[in-house]
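To start, the structure under review is shown below, and the notes come after it.
Below, each value reflects all heavy atoms present in this structure, side chains not excepted, and no hydrogens, waters or symmetry copies. All figures in this text were calculated on a predicted structure; none of them were measured in a lab.
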Amino acid sequence: MSAAARPQPGFQLTLEALLGPWRIARRITHGDGAQASFEGTASWTAAGQGADYVERGDLVMPGQGRFQAERRYFWSRDLDVFFDDGRFFHRVPAAGGAARHWCAPDQYDARYDFSGWPDWSCLWHVKGPRKDYRLQSVYTRQAA
């Protein structure tokens with residue numbers, strides 16, 4: 001990516017910068033080494049005091065096939081993310097960096113990276129007695 005496409009020092013993500021369509025590519029690596037992937041679209045659409053987030057695409061799980069998958073969240077203007085049932089999930093750091101979510105008994109730790117803006121990524125490490133995986137998502141802006 002050219003230096004001109006990189007965010008300036010002090011870059012701060014805003015909800016408005018996310019509005020519109022994106023391509024999403026995700027790799028899921030389980031603790032035992034098994035891998036899965038997701039490819040599709042993600043979109044943020046202004047709604048009330050924030051934006052509705054919807055991702056749709058194909059989840060491929062080796063040995064289990066290809067499935068249609070969809071996920072929904074609500075993002076507030078201050079980058080708080082809520083599950084579709086209204087429960088708080090986490091806050092996205094506007095400059096990039098760490099976020100966390102505790103879902104008893106599992107811990108979710110994220111790292112947001114906006115250094116290649118407008119392309120960006122998020123890496124989740126999920127660890128606990130029920131879950132053990134890494135989930136890397138890469139977002140690429142689509143033409144509206």
Side-chain angles (χ1 to χ4, degrees), residues 1-2 4-7 11-144:
M1 179 166 293
S2 72
R6 297 203 183 282
F11 174 80
Q12 295 285 304
L13 180 70
T14 65
L15 185 61
E16 290 74 20
L18 291 170
L19 294 178
W22 296 78
R23 295 282 310 148
I24 181 173
R26 180 174 293 144
R27 177 167 302 280
I28 305 154
T29 306
H30 294 273
D32 65 3
Q35 293 194 351
S37 64
F38 173 88
E39 292 202 18
T41 59
S43 65
W44 282 261
T45 305
Q49 295 299 309
D52 290 326
Y53 169 88
V54 178
E55 66 179 42
R56 292 184 178 104
D58 292 323
L59 175 64
V60 178
M61 299 174 61
Q64 297 182 38
R66 179 181 302 270
F67 305 92
Q68 291 286 310
E70 179 177 298
R71 187 73 187 188
R72 296 173 177 267
Y73 297 100
F74 179 80
W75 287 50
S76 71
R77 290 204 175 282
D78 59 3
L79 304 179
D80 284 342
V81 181
F82 297 85
F83 292 104
D84 60 356
D85 66 5
R87 290 176 298 128
F88 178 73
F89 182 19
H90 69 289
R91 175 172 279 183
V92 175
R100 304 183 81 181
H101 174 73
W102 171 252
C103 184
D106 303 309
Q107 178 66 43
Y108 291 67
D109 294 308
R111 172 127 333 253
Y112 283 85
D113 182 357
F114 303 122
S115 64
W117 187 263
D119 296 345
W120 60 281
S121 65
C122 182
L123 174 63
W124 283 95
H125 292 268
V126 182
K127 192 78 171 165
R130 295 186 307 181
K131 298 178 181 173
D132 181 12
Y133 63 89
R134 292 171 37 115
L135 187 141
Q136 173 79 44
S137 300
V138 176
Y139 293 82
T140 306
R141 171 71 76 186
Q142 281 188 305

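A heavy-atom distance below 4.5 Å is found between the side chains of R130 and P105. For the pair R71/F83, a side-chain contact is recorded, criterion being any heavy-atom separation below 4.5 Å from C-beta on. Side chains of S37 and I28 form no contact here, defined as non-hydrogen atoms less than 4.5 Å apart. Annotation: side chain of Q49 is not in contact with side chain of S76 (no heavy-atom distance under 4.5 Å). Put simply, the side chain of D52 does not reach to within 4.5 Å of the side chain of R72, judged on heavy atoms. Between E16 and R77 there is a side-chain heavy-atom pair separated by less than 4.5 Å. In this structure the side chain of T41 never reaches within 4.5 angstrom of the side chain of E55, judged on heavy atoms. Side-chain contact between W22 and Q142 is absent, with no heavy atoms from C-beta onward closer than 4.5 Å.
With values rounded to the nearest 0.5 angstrom, Y73 atom OH is found 10.5 Å from D85 atom CG. Separation of atoms OG (S43) and CG (L18) is listed at 11.0 Å; rounding is to 0.5 Å. Atom CG in D132 sits 11.0 Å away from atom NE2 in H125 (nearest 0.5 Å). Taken from CZ in F38 to CE in M61, the straight-line distance is 13.0 Å, to the nearest 0.5 Å. Note: T45 OG1 to L19 CG = 7.5 Å, rounded to the nearest 0.5 Å. Expressed to the nearest 0.5 Å, how far CD of Q35 lies from OG1 of T29 amounts to 4.0 Å.
Residues A36 and P62 come closest through the heavy atom pair CA-CD, 4.1 Å. The heavy-atom pair separating D106 from G128 by the smallest distance is OD1-CA, 3.1 Å. Pairing each heavy atom of P21 with each of R141, the nearest pair is O-CD, 3.8 Å. Smallest separation of non-hydrogen atoms from R111 and A98: NH1-N, 3.6 Å. Nearest heavy-atom pair, L15 versus A51, reported as atom, atom and distance to 0.1 Å: CD2-N, 3.8 Å. Of all heavy-atom pairs between Q64 and F67, the closest is O-CZ, 3.1 Å.
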Apply side chain to side chain contact (heavy atoms under 4.5 Å, CB included) to the pair Y108 and L135, showing each step before the final yes or no. CA-CA 10 Å; Y108 291 67; L135 187 141; over 6 Å; no
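R134 CZ: 12 or fewer foreign heavy atoms inside a 6.0 Å radius. Around the CD atom of E39, the shell of radius 6.0 Å holds no more than 12 heavy atoms that belong to other residues, nucleotides or ligands.
Taking the six-membered ring for Trp and thresholds of 30 and 60 degrees, W120 and Y139 have nearly parallel ring planes, at less than 30 degrees apart. Using bins of under 30°, 30° to 60° and over 60° for the plane-to-plane angle, the ring pair H90/Y112 lands in the parallel bin. Relative ring orientation between W124 and F89 is described as parallel, the plane-to-plane angle staying below 30° on a 0-90° scale split at 30° and 60°.
Side-chain contact of R56 with Q68: a donor-acceptor pair under 3.5 Å is absent, judged by distance alone.
Applying the ring-ring contact (aromatic ring centres under 6.0 Å, His included) criterion to F82, with sequence neighbours excluded, gives F88.
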